[in-house]
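Encoded as structure tokens, the structure appears first; notes follow it.
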Amino acid sequence: MKRYAAGMTWGEGPRWQDGALWLSDTQRAKLWTDHGGPWRGIPLDTVPNGLWFLPDGRLVGAMMHERRLGVWTGERFAPYADLSAIATGPLGDLVGDAHGNLYVDDVGFAAHAGEPPRPGRLLRVAADGSAGVAAEGLEFPNGLAFVDEGRTLLVAETSRQRLTAFTVTDDGALTDRRTYADLAHLVGGDARPDGIWPTPDGVWVATTTAHALALVRENELVTTVDTGTLLPIACCTDGEDRLFATLADTHGLPLGEALAAKSVSTKVALIEEPSNARSTPHNEGAPT
């Protein structure tokens, strides 16, 4: 496992596009990328969370506290879709289909502000800009991914320690809600899924406090990658064999305390052989 120093606090929404990696730092209000040059963090006046590339190549982001989606101009996230009329809490992860329709987490409550937990939802933003509620009653909706060639949408319910599946209808509605993978059963009682990423071999899950990346299929654990003392937050592939993951170091503190004390640091790890659950450490460097 090869680790990259990144200077991030909490790295979310990693996405690979045209040979470059992009991700959000939700604690520092930065967009990180090595697009067009060295690895760098771009300061923003808003906090991005989930990221996705539209079919036309434009990068969109979920503006966590503004309850809107923005489109990246190269300097800022310009308005793309206003969700303030329907979002009940901060926005989380973001995923899109081949037609330009987007699904985004409405987490439901601001944990960082001490709000009591309440159910979250999934919001759908159609390619024409119209928006609505796609699913309700989710407990801390987090990572999102399409499987089955877009016929099924998965959402990580962090508080319920599971991946939940929906069938996607032709008009983009979500039906037939069911449990896809019980992470507490498959991985362990500490597994709290955050980011997820689909591959032909299964779905990679960043399990945070279980200290492992888990590759799962429906009700099946394929393999795991042990992350040692680091907490895996989110992951993505480059569309081929390379798996990237953001790993948080709390420096010995419980996660909640570390975040409150701003003592968390995040690195990006390149796991060069995702099929091998016992990856070999390599020297640190900059993303390539």
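Everything quoted here is computed from the prediction, not taken from an experiment.
- Salt bridge annotation for D93-R15: present, with a cationic side-chain nitrogen under 4.0 angstrom from a carboxylate oxygen.
- Note: E12 CD to D25 CG = 9.5 Å, rounded to the nearest 0.5 Å.
- Heavy atoms from other residues, nucleotides or ligands lying under 6.0 Å from NE2 of H251 number more than 12.
- Taking CG of L144 as the reference point, atom CG of L153 lies at 6.0 Å (rounded to 0.5 Å).
- By the criterion of side-chain heavy atoms lying less than 4.5 angstrom apart, applied directly or through intervening Ile, Leu, Val, Met, Phe, Trp or Tyr residues, L154 is not grouped with L122; the two fall into different hydrophobic clusters.
- Atom CG of D194 sits about 7.5 Å away from atom OG1 of T246, to the nearest 0.5 Å.
- The backbone N or O of R58 sits less than 3.5 Å from a side-chain atom of D56, completing a donor-acceptor pair.
- Nearest heavy-atom pair across G13 and A234 is N-CB, 4.1 Å.
- In this structure, I42 is not a member of the same hydrophobic cluster as V47, with clusters built from ILVMFWY side-chain heavy atoms closer than 4.5 Å.
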- [ ] Test side chain to side chain contact (heavy atoms under 4.5 Å, CB included) on L270 and R242 and set out the steps.
- [x] CA-CA 7 Å; L270 168 59; R242 296 195 298 174; 3.6 Å; yes
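- Atom OG of S84 and atom CD of E66 lie 10.5 Å apart (nearest 0.5 Å).
- At distances below 3.5 Å, not a single donor-acceptor pair connects side-chain atoms of T179 with backbone N or O atoms of A181.
- Looking at L54 and Y80, their side chains come closer than 4.5 Å, going by heavy atoms from C-beta outward.
- Side-chain contact between L247 and L231: absent, with no pair of heavy atoms (C-beta onward) separated by less than 4.5 Å.
- Side-chain atoms of S24 and N49 include no donor-acceptor pair closer than 3.5 Å.
- In the hydrophobic cluster analysis, where Ile, Leu, Val, Met, Phe, Trp and Tyr join through side-chain heavy atoms closer than 4.5 angstrom, L253 is grouped apart from V264.
- In this structure a side-chain-to-backbone donor-acceptor pair under 3.5 Å is present from D106 to T88.
- Just one of R177, R178, R151 meets the side-chain hydrogen bond (donor to acceptor under 3.5 Å, both in side chains) condition when paired with T167; it is R178.
- L51 and V95 sit in two unconnected hydrophobic clusters of ILVMFWY residues. Membership requires side-chain heavy atoms under 4.5 Å apart, directly or through other members.
- Scanning both residues, V222 and D201, for their nearest heavy atoms gives CG2-O, 4.1 Å.
- The CG atom of L123 lies 9.5 Å from the CD atom of E136; values are rounded to the nearest 0.5 Å.
- Closest non-hydrogen pair, I233 versus G11, comes out as CG2-O, 3.4 Å.
- The backbone N or O of L255 lies less than 3.5 Å from no partner atom in the side chain of T250, so there is not a single donor-acceptor pair.
- Judged purely by atom type and a 3.5 angstrom limit, E157 has no side-chain atom pairing as donor or acceptor with the backbone of R162.
- Note on ring orientation: taking the six-membered ring where Trp is involved, the planes of F77 and W72 are tilted (angle from 30° to 60°).
- The line from CG of L59 to CH2 of W52 is 11.0 Å long, rounded to the nearest 0.5 Å.
- Other residues, nucleotides and ligands contribute only 12 or fewer heavy atoms inside 6.0 Å of the CG atom of D45.
- Residues T33 and R40 form a side-chain contact, since some pair of their non-hydrogen atoms from C-beta on lies under 4.5 Å apart.
- Around the CD atom of E220, the shell of radius 6.0 Å holds more than 12 heavy atoms that belong to other residues, nucleotides or ligands.
- Side-chain contact check for L23 versus C236: every heavy-atom pair is 4.5 Å or farther apart.
- Transitive grouping of hydrophobic side chains (ILVMFWY, heavy atoms separated by less than 4.5 Å) keeps V147 and L215 in distinct clusters.
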Task: CA sep, side-chain torsions, deciding dist, call: L31, W22, side chain to side chain contact (heavy atoms under 4.5 Å, CB included) - done: CA-CA 7 Å; L31 179 68; W22 301 75; 3.8 Å; yes
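- Nearest heavy-atom pair across L163 and P193 is CD2-CB, 4.3 Å.
- When only modelled atom types and interatomic distance are considered, R76 and T46 share no side-chain donor-acceptor pair under 3.5 Å.
- P48 is listed as a side-chain neighbour of M63, based on a closest heavy-atom distance under 4.5 Å.
- At least one side-chain heavy atom of L213 sits under 4.5 Å from a side-chain heavy atom of C235.
- Using a 3.5 Å distance cut-off with no hydrogens or angles, the side chains of W204 and T199 do not pair a donor with an acceptor.
- The shortest side-chain heavy-atom distance between Q161 and V187 does not fall under the 4.5 Å cut-off.
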Open item on the list: Let's go through R160 and L138 carefully: what are the C-alpha distance in whole Å and the side-chain angles of both, what is the deciding distance for side chain to side chain contact (heavy atoms under 4.5 Å, CB included) to 0.1 Å, and is it a yes or a no?
Closed with: CA-CA 9 Å; R160 292 300 299 272; L138 296 162; over 6 Å; no
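- At least one side-chain heavy atom of F146 sits less than 4.5 Å from a side-chain heavy atom of V168.
- Here the closest heavy-atom approach between residue A135 and residue F166 is recorded as CB-CZ, 3.8 Å.
- A donor-acceptor pair under 3.5 Å is formed between the side chain of T209 and the backbone N or O of D190.
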TODO: Just do the side chain to side chain contact (heavy atoms under 4.5 Å, CB included) check on V155 and Y103 with the steps written out, would you?
DONE: CA-CA 10 Å; V155 55; Y103 294 82; over 6 Å; no
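- Shortest non-hydrogen contact noted between T227 and P232 is OG1-CD, 3.5 Å.
- At least one donor-acceptor pair closer than 3.5 Å links the side chain of T208 to the backbone N or O of R192.
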